[in-house]
Amino acid sequence: MDPKIWSLLPRELLEHILSFLPLRAFLILRSTCKHFSSLLFTPSFVSKHSSRSLSSFLLLSHPHCHQHYPLYDSAAGTWHSSALSPSLLLPNFKNSSLISSSNGLLCFSLPNSSSFLICNLLTKSQREIKFPSFPFVFELLTFVSTPKLGYKIFILACGSSRFEAFLYDSRFHSWQKVNGFDRILGDTHHQEGVYFNGRLYFATSEPFSIICFNLEAGTTEHCKSELLPPPDELTFARLVSDAGERLYLVGGIGVNGISRGMKLWALCGGGGGRWEEVESLPELVCRKFMSVCYHNYEHVYCFWHQGMVCICCYTWPEILYYRASRRTWHWLPKCPSLPEKWSCGFKWYSFLPEISAMA
């Protein structure tokens, strides 16, 4: 088309025409014009290209694989031939470490600049957030992004004599200190918090309990829910939330700290309800998983990804997952590009590209 005719088209008609382009084609086209690039953030374009039209991935991080993240397409059931390299898309990714992912946003640590980097690789939007204090060493970080409330970063950090808790809210672009949280959680945590119904849930051990932190009110309380089996039979416990609909608990069953089985429970009736057993891990699968983690349960972590409860171990390159819709257990195949000599440090993330997620 003649550029003069193209330039005379009404803005609304031009946007309507471009909205019919496949998202991948538009992401290439946007670099040719500032107006095309700005269309990516308009409500009409976002509603046309929702995250449902994009693939979802499991992203693998490893210390020997710096700035190079293999991707598993969970819909297609295959590993991508090329890995994700954030440093090629944004120059600020040099000397960074991926630490969390939520709703299309990735959270990196930038130790050289004493800050975190929040970014959306799809839209190339980013924000650098300075650490709340100096010097700053954090033990636990929970990153939560929601469509309506932006994103929040909850951190448990090592202070001069005890743990300190901080909360960052993207709506105000500021940190606030959370008082008293360290006395409740202590140093018995083993996994980042799980977001469910506006609260972060943490599982503690010895004795087992569940702590919930209200993100809006800034209050903390014990979750008074009934649990089967008795807490002294739980060798480890990890929480998982399926995007806010249900709260799950993955637990090892055994005596004297040795697991002989593993079960999955779901919380019914909200935070003060009752845990009901959903499934038990088949014996042969359980034997393999327990041999993988060597009964060192601090290496076990869990997360939710597209209808699956993913159970991982830092020392093993495969994922054990439970597909909720089919009520079946499976092993995710090992990434073919991983060298055999890599034996520990495997960290998995759920990566769901989302153009409406703003850094």
Side-chain angles (χ1 to χ4, degrees), residues 23-24 27 40-41 46 49-51 54-75 79-80 82-131 138 140-147 149-155 167-171 173 175 191-195 200 241 243 301-306 310 312 314 319 335 345-359:
L23 182 59
R24 289 182 176 86
L27 291 175
L40 192 64
F41 305 101
V46 170
H49 294 281
S50 67
S51 60
L54 302 172
S55 298
S56 59
F57 303 96
L58 287 165
L59 185 152
L60 176 60
S61 172
H62 192 275
H64 292 170
C65 197
H66 188 61
Q67 296 299 317
H68 179 83
Y69 305 105
L71 292 171
Y72 181 83
D73 191 324
S74 54
W79 284 96
H80 266 233
S82 58
L84 179 67
S85 298
S87 57
L88 299 178
L89 301 175
L90 296 172
N92 291 345
F93 277 89
K94 295 180 180 179
N95 301 319
S96 63
S97 300
L98 179 62
I99 52 178
S100 193
S101 171
S102 179
N103 192 39
L105 296 178
L106 298 178
C107 178
F108 291 83
S109 174
L110 304 175
N112 290 345
S113 59
S114 300
S115 61
F116 299 109
L117 182 68
I118 310 298
C119 69
N120 185 331
L121 296 183
L122 196 61
T123 62
K124 296 185 179 180
S125 65
Q126 61 178 305
R127 179 178 295 275
E128 187 173 342
I129 302 170
K130 290 296 183 179
F131 290 164
F138 61 91
L140 177 147
L141 181 144
T142 301
F143 177 55
V144 176
S145 173
T146 61
L149 300 176
Y151 59 84
K152 292 179 172 59
I153 305 173
F154 179 88
I155 295 179
L167 179 66
Y168 179 87
D169 193 325
S170 66
R171 294 173 299 177
H173 303 301
W175 291 96
Q191 188 186 13
E192 63 184 46
V194 173
Y195 182 73
L200 290 181
S241 173
Y301 61 98
C302 303
F303 61 90
W304 178 266
H305 176 77
Q306 297 295 84
C310 299
C312 315
Y314 289 110
I319 286 181
C335 178
F346 301 99
K347 186 68 172 73
W348 293 87
Y349 302 91
S350 174
F351 180 45
L352 311 175
E354 172 60 72
I355 62 175
S356 63
M358 298 295 296

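In this text, all values refer to a predicted model and were calculated from it rather than measured experimentally.
To the nearest 0.5 angstrom, L352 atom CG is 12.0 Å from L122 atom CG. The OH atom of Y151 sits 12.0 Å away from atom OG1 of T146, with the distance rounded to the nearest 0.5 Å. From F303, atom CZ reaches atom OG of S100 across 11.0 Å, with rounding to the nearest 0.5 Å. Between S241 atom OG and L200 atom CG the span is 10.5 Å, to the nearest 0.5 Å. Between atom CG of residue L58 and atom NE2 of residue H305 there is a gap of 4.0 Å, rounded to the nearest 0.5 Å. In this structure, CD1 on I155 lies 5.0 Å from CG on L141, to the nearest 0.5 angstrom.
Contact detail for S145 and S102: the closest heavy-atom pair is N-OG, 2.8 Å. Minimum heavy-atom separation, C312 to W348: SG-CD1, 4.0 Å. Between P63 and G345, the closest heavy-atom pair is CD-O, 3.3 Å. F143 and I153 make their closest contact through CD1-CG1, 3.8 Å (heavy atoms, listed as atom of the first residue, atom of the second, distance). When every heavy atom of A359 is checked against every heavy atom of C119, the shortest pair comes out as CB-CA, 4.2 Å. Closest heavy-atom contact between S101 and F351: OG-CA, 4.1 Å.
Applying the ring pair (Phe, Tyr, Trp, His ring centres under 6.0 Å) test to F346 and every residue at least two apart in sequence or in another chain returns H62. Listed by chain and residue number, D169, E216 satisfy the salt bridge (Lys or Arg N to Asp or Glu O under 4.0 Å) test with K152 (two or more places apart in sequence, or in another chain).
Between L117 and S96 there is no side-chain heavy-atom pair separated by less than 4.5 Å. You'll find the side chain of F57 reaches within 4.5 Å of the side chain of D73, heavy atoms only. A 4.5 Å side-chain heavy-atom check between S113 and K130 finds at least one atom pair inside the cut-off. With a 4.5 Å cut-off on side-chain heavy atoms, V144 and F154 do not count as touching. Under the 4.5 Å side-chain criterion, counting only non-hydrogen atoms from C-beta, S115 is not in contact with I129. At a threshold of 4.5 Å between non-hydrogen side-chain atoms, the residues L110 and N112 do not count as touching. When side chains are defined from C-beta on, K347 does not count as touching L98, because their heavy atoms never get closer than 4.5 Å.
The aromatic rings of W175 and F116 sit tilted, their planes meeting at an angle between 30° and 60°. By the 30° and 60° cut-offs, the orientation of the rings of Y168 relative to H173 is tilted.
Although no hydrogens or angles enter the test, the distance criterion places no donor-acceptor pair under 3.5 Å between the side chain of S125 and the main chain of M358.
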### Query
How far apart are the C-alpha atoms of N103 and Y195, what are their side-chain angles, what is the distance that settles it, and do they pass the side-chain contact (heavy atoms from CB on, under 4.5 Å) test?
CA-CA 12 Å; N103 192 39; Y195 182 73; over 6 Å; no
